[in-house]
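Report on one structure; see the data block that follows.
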Amino acid sequence: MSYPYQIKSFQEYKEAWEKSVNDPESFWGEIAEHFIWRKKWDKVLEWNFKEPSIKWFQGAKLNITENCLDRHLKTIADQPAIIWEPNDPHEHHRTLSYKQLHFKVCQFAQVLKNNGVTKGDRVCIYMGMIPELAIAVLACARIGAIHSVIFGGFSAQSIADRLQDAKAEYIITCDGAFRGGKDIPLKSVIDDALVVCPFVKRTIVYTRTRTPVSMIKGRDVWWEDEIYKVETMGNPAVAAEEMDAEDMLFILYTSGSTGKPKGVVHTVAGYMIYTNYSFVNVLQYRPREVHFCTADIGWITGHSYILYGPLSAGATSLMFEGIPTWPDAGRFWDIVDKHKVNILYTAPTAIRSLMSYGLAPLENKKLDSLRVLGTVGEPINEEAWHWYDEHIGKKKCPIVDTWWQTETGGMLISNMAGVTPAKPTFATLPLPGVQPVLVDENGNEIEGNGVSGNLCIKAPWPGILRTTYGDHERCRKTYFSTYPDLYFTGDGCLRDEDGFYRITGRVDDVLNVSGHRIGTAEVENAINMHAGVVESAVVGYPHEIKGQGIYAYVIYSGKHHEDELIRKDITATVSRIIGPIAKPDKIQFVSGLPKTRSGKIMRRILRKIAEGEMEKLGDTTTLLDPAVVDDISKGKL
Ligand code: WT7
């Protein structure tokens with residue numbers, strides 16, 4: 001593979017950005033020429049942010065798996081597409097060449113067909129980080145089924161909500177998943193979800209942990225048995241379904257400021273081109289390099305930068321089943337040395353967690369294969385940035401700080417490794433095709449440098465979300481109505497004297513806990529389900545490793561247990577309703593919450609208390625009962 005659109009100098013970057021803004025259609029049209037189409041487009045772009053209606057490459061026909069797999073068979077068939085490193089370092093790793101991955105995707109695509117899955121059907125995938133997860137995702141894309149991957153840390157209730165919202169009739173899962181010292185009984189969680197989802201027709205179960213599972217006749221089948229049936233059919237080569245450019249590729253649920261997660265929808269052509277373009281340019285991938293993105297495929301980062309971006313670029317993508325600290329805090333570095341990783345793309349929370357173990361886990365690690373480092377998911381603090389630079393990159397590897405979102409499909413603001421300047425804690429400059437603007441509370445654009453405001457984007461790039469599944473109005477309201485004719489990101493941002501962007505964090509009621517996005521309203525709803533809880537309010541507070549921690553203020557009635565036990569009960573409730581990732585770090589029992597006379601909770605005050613900034617509470621005289629603030633401050637944990 002070669003990438004004629006790979007930018008090689010700061011000057012080239014500036015030219016590309018200018019062109020992308022002045023003439024987006026010919027800019028993206030030229031890039032699209034480097035992909036495989038069944039039929040080319042009639043029009044590159046048509047859009048308005050009012051509805052919103054965003055259409056890239058209208059009239060074009062393609063299949064993303066022909067771009068990710070088939071096209072490489074002529075050139076790099078035997079190159080590793082996926083290197084899989086298991087949770088347990090004593091188990092053998094697996095390598096799938098492009099040829100082998102193509103074969104397995106076709107085989108499983110036939111399994112899906114045999115089980116009645118057709119184009120447009122929603123398929124929920126709930127698996128651990130094993131190659132079969134990648135195979136399942138790509139097999140859906142091959143036959144035009146819409147995949148919706150759910151992260152293994154979500155509870156049965158969360159799965160049920162998503163299955164119902166997506167009306168998903170098919171599920172692909174495993175008996176269990178290994179993560180560090182734990183094994184997670186995935187199929188049993190699915191069974192609990194299915195109690196309230198009688199519309200599910202089929203569950204396909206892959207054996208990973210040999211955890212005993214119950215298999216319901218007529219509904220549940222084993223992956224291995226289904227593959228055997230396809231083998232006896234002689235492994236027919238499953239032709240890729242011809243898809244419209246704007247057909248749905250996947251739904252991925254993400255949290256917002258309301259209690260109910262929304263299904264972000266990405267479509268085939270624009271998403272493919274944008275993930276490929278950003279992968280090739282930001283990480284500056286070179287043919288035959290090994291790229292290691294440490295995210296889980298249950299999140300957008302895994303979709304875009306373990307699967308679609310790298311595979312469409314013919315890259316070698318390393319997929320890791322485990323966690324950075326098991327069996328010890330040197331695991332990432334062992335993997336880097338073992339597989340000669342060239343590009344490492346991880347999250348600030350992982351870096352901070354590994355930093356906390358000191359330098360001992362780095363002893364005897366060479367790390368000399370590394371060429372590029374990246375971060376994503378949350379603002380990176382100065383200390384973590386320098387530790388990454390010095391101890392991992394040995395001051396020789398450019399670090400890219402990539403800002404983006406589930407909704408953006410791919411990286412929007414980032415430096416390009418070794419090509420455009422880096423600046424610690426700054427995502428720096430927009431990618432070609434991306435026009436950031438800062439706006440004030442009233443929606444007026446703030447021009448010039450050395451300013452800050454709410455971050456919006458002026459025009460569409462190919463990877464932008466198209467809708468939220470089943471509720472287009474919600475998409476419009478959430479992203480396109482706060483500021484007319486702008487996409488609103490929900491992030492605060494500053495632009496420094498050099499015009500570099502630094503993301504300062506969410507300005508809405510969304511938390512970022514260890515790079516996981518969690519809505520405060522969602523956590524409150526879960527806490528309120530616990531018997532005895534009258535009311536609750538949840539805010540974030542700075543947490544040394546997680547970035548943000550979850551702080552819950554709870555009004556509780558009828559205490560016949562001691563506080564500590566009630567706290568554990570509440571935590572267990574949240575775990576059951578959302579999943580372990582949303583467990584509050586601190587629970588403070590209070591007698592009242594600070595409310596305005598109209599009954600609105602003043603979260604600003606609760607945030608300040610949680611942050612320990614009691615002197616900055618501001619005006620509390622407009623509160624219904626100003627005395628509660630004193631009480632709450634005194635009881636701070
Ligand atoms: C939110 C999106 C993008 C994939 C992983 C998270 C925050 C993301 C950065 C960064 C500062 C960042 C933002 C954004 N965020 N990357 N480099 N610097 N903040 O995807 O779950 O959709 O969360 O993560 O607040 O809005 P997500």
Side-chain angles (χ1 to χ4, degrees), residues 149-151 153-154 251-257 261-266 271 274-275 278-279 282-283 293-309 345-352 373-382 384-385 388 399-415 422-431 434 436 452 454-457 463-465 468 478-479 482 487-494 500-520 522 540 546-548 581-582:
V149 184
I150 302 180
F151 175 62
F154 280 112
I251 307 171
L252 188 58
Y253 284 86
T254 191
S255 296
S257 30
K262 44 190 177 270
V264 167
V265 171
H266 285 288
Y271 176 80
Y274 198 73
T275 52
S278 51
F279 171 74
V282 171
L283 298 168
C293 166
T294 71
D296 192 289
I297 292 177
W299 308 108
I300 191 70
T301 309
H303 283 60
S304 301
Y305 299 112
I306 295 178
L307 296 181
Y308 290 114
Y345 187 38
T346 193
T349 186
I351 299 169
R352 287 192 300 265
L373 303 177
T375 72
V376 59
E378 47 179 322
I380 183 163
N381 49 311
E382 194 106 11
W385 196 98
Y388 201 30
I399 299 179
V400 289
D401 177 350
T402 65
W403 172 83
W404 56 294
Q405 309 177 297
T406 303
E407 295 85 345
T408 71
M411 307 150 171
L412 288 201
I413 304 183
S414 175
N415 50 319
K423 182 166 186 169
T425 78
F426 281 75
T428 73
L429 297 171
L431 264 67
V434 178
S452 56
N454 289 345
L455 178 61
C456 294
I457 316 283
I464 189 173
L465 87 162
T468 46
T478 313
Y479 307 105
T482 316
Y487 166 79
F488 177 44
T489 64
D491 279 314
C493 180
L494 69 81
F500 285 15
Y501 292 87
R502 178 192 193 169
I503 314 303
T504 48
R506 304 286 305 196
V507 295
D508 51 8
D509 293 320
V510 172
L511 305 181
N512 192 327
V513 181
S514 300
H516 299 156
R517 192 160 145 186
I518 298 167
T520 54
E522 248 178 289
K546 298 179 176 184
Q548 271 187 309
I581 55 170

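Worth knowing before you read on, the calculation uses all heavy atoms, side chains too, and leaves out hydrogens, waters and symmetry mates. One-based numbering along the sequence shown. Read the numbers this way: they start at 1 and go in the same order the structure lists the ligands and their atoms.
- Counting heavy atoms from C-beta on, the side chains of L455 and I413 come closer than 4.5 Å.
- For ligand 1, one of its N or O atoms has an N or O atom of G377 under 3.5 Å away.
- T478 is not listed as a side-chain neighbour of E407, based on a closest heavy-atom distance of 4.5 Å or more.
- Distance from atom 4 (C) of ligand 1 to its nearest protein heavy atom, with residue and atom name: T301 OG1, 3.2 Å.
- Aromatic ring orientation, Y487 versus Y479: parallel (interplanar angle below 30°, classes split at 30° and 60°).
- The backbone N or O of I464 lies less than 3.5 Å from no partner atom in the side chain of T408, so there is not a single donor-acceptor pair.
- Below 3.5 Å of separation, one finds no N or O of T254 facing any N or O of ligand 1.
- The parts of Q405 lying near ligand 1 are both backbone and side chain, judged by heavy-atom distances below 4.0 Å.
- Heavy-atom proximity to I503, at under 4.0 Å, picks out these atoms of ligand 1: 11 (C), 19 (N).
- For ligand 1, the polar-atom distance check against E407 finds no nitrogen or oxygen pair separated by under 3.5 Å.
- Just one of V400, L429, L431 meets the side chain to side chain contact (heavy atoms under 4.5 Å, CB included) condition when paired with N415; it is V400.
- The protein atom (non-hydrogen) at minimum distance from atom 10 (C) of ligand 1 is E378 O, 3.5 Å.
- Listed by number with element, the atoms of ligand 1 under 4.0 Å from a non-hydrogen atom of I300 are 4 (C).
- Taking the centre of each ring, H303 and Y271 stay at or above the 6.0 Å mark.
- Each of W299, Y274, W404 was evaluated against Y305; a single residue qualifies, W404, per the ring pair (Phe, Tyr, Trp, His ring centres under 6.0 Å) test.
- For V510, no heavy-atom contact with ligand 1 is shorter than 4.0 Å.
- Inclusion of T489 in the set of residues having an N or O under 3.5 Å from an N or O of ligand 1 is not warranted.
- Using modelled atom types, no side-chain atom of S304 and backbone atom of T301 make a donor-acceptor pair closer than 3.5 Å.
- Between D491 and ligand 1, a contact under 3.5 Å exists for at least one N or O pair.
- Atom numbering of ligand 1 starts at 1 in the shown order; those under 4.0 Å from a heavy atom of D401 are 10 (C), 17 (N), 18 (N).
- For ligand 1 and T402, the ligand atoms under 4.0 Å from any heavy atom of the residue are 9 (C), 10 (C), 16 (N), 17 (N).
- At the top of the distance list for atom 3 (C) of ligand 1, counting protein heavy atoms only, stands W404 O, 3.0 Å.
- Of the protein's non-hydrogen atoms, the one nearest atom 11 (C) of ligand 1 is P379 N, 3.1 Å.
- Here's the thing with R517: one of its N/O atoms is less than 3.5 angstrom from an N/O atom of ligand 1.
- Test R352, R517, K546, H516 against E378 for side chain to side chain donor-acceptor pair (under 3.5 Å) and you get one pass: R352.
- At a threshold of 4.5 Å between non-hydrogen side-chain atoms, the residues R506 and Q548 do not count as touching.
- Of the heavy atoms in N512, only side-chain atoms (C-beta onward) come closer than 4.0 Å to ligand 1.
- In this structure, I306 CD1 and F279 CZ are separated by 11.0 Å, a value rounded to the nearest 0.5 Å.
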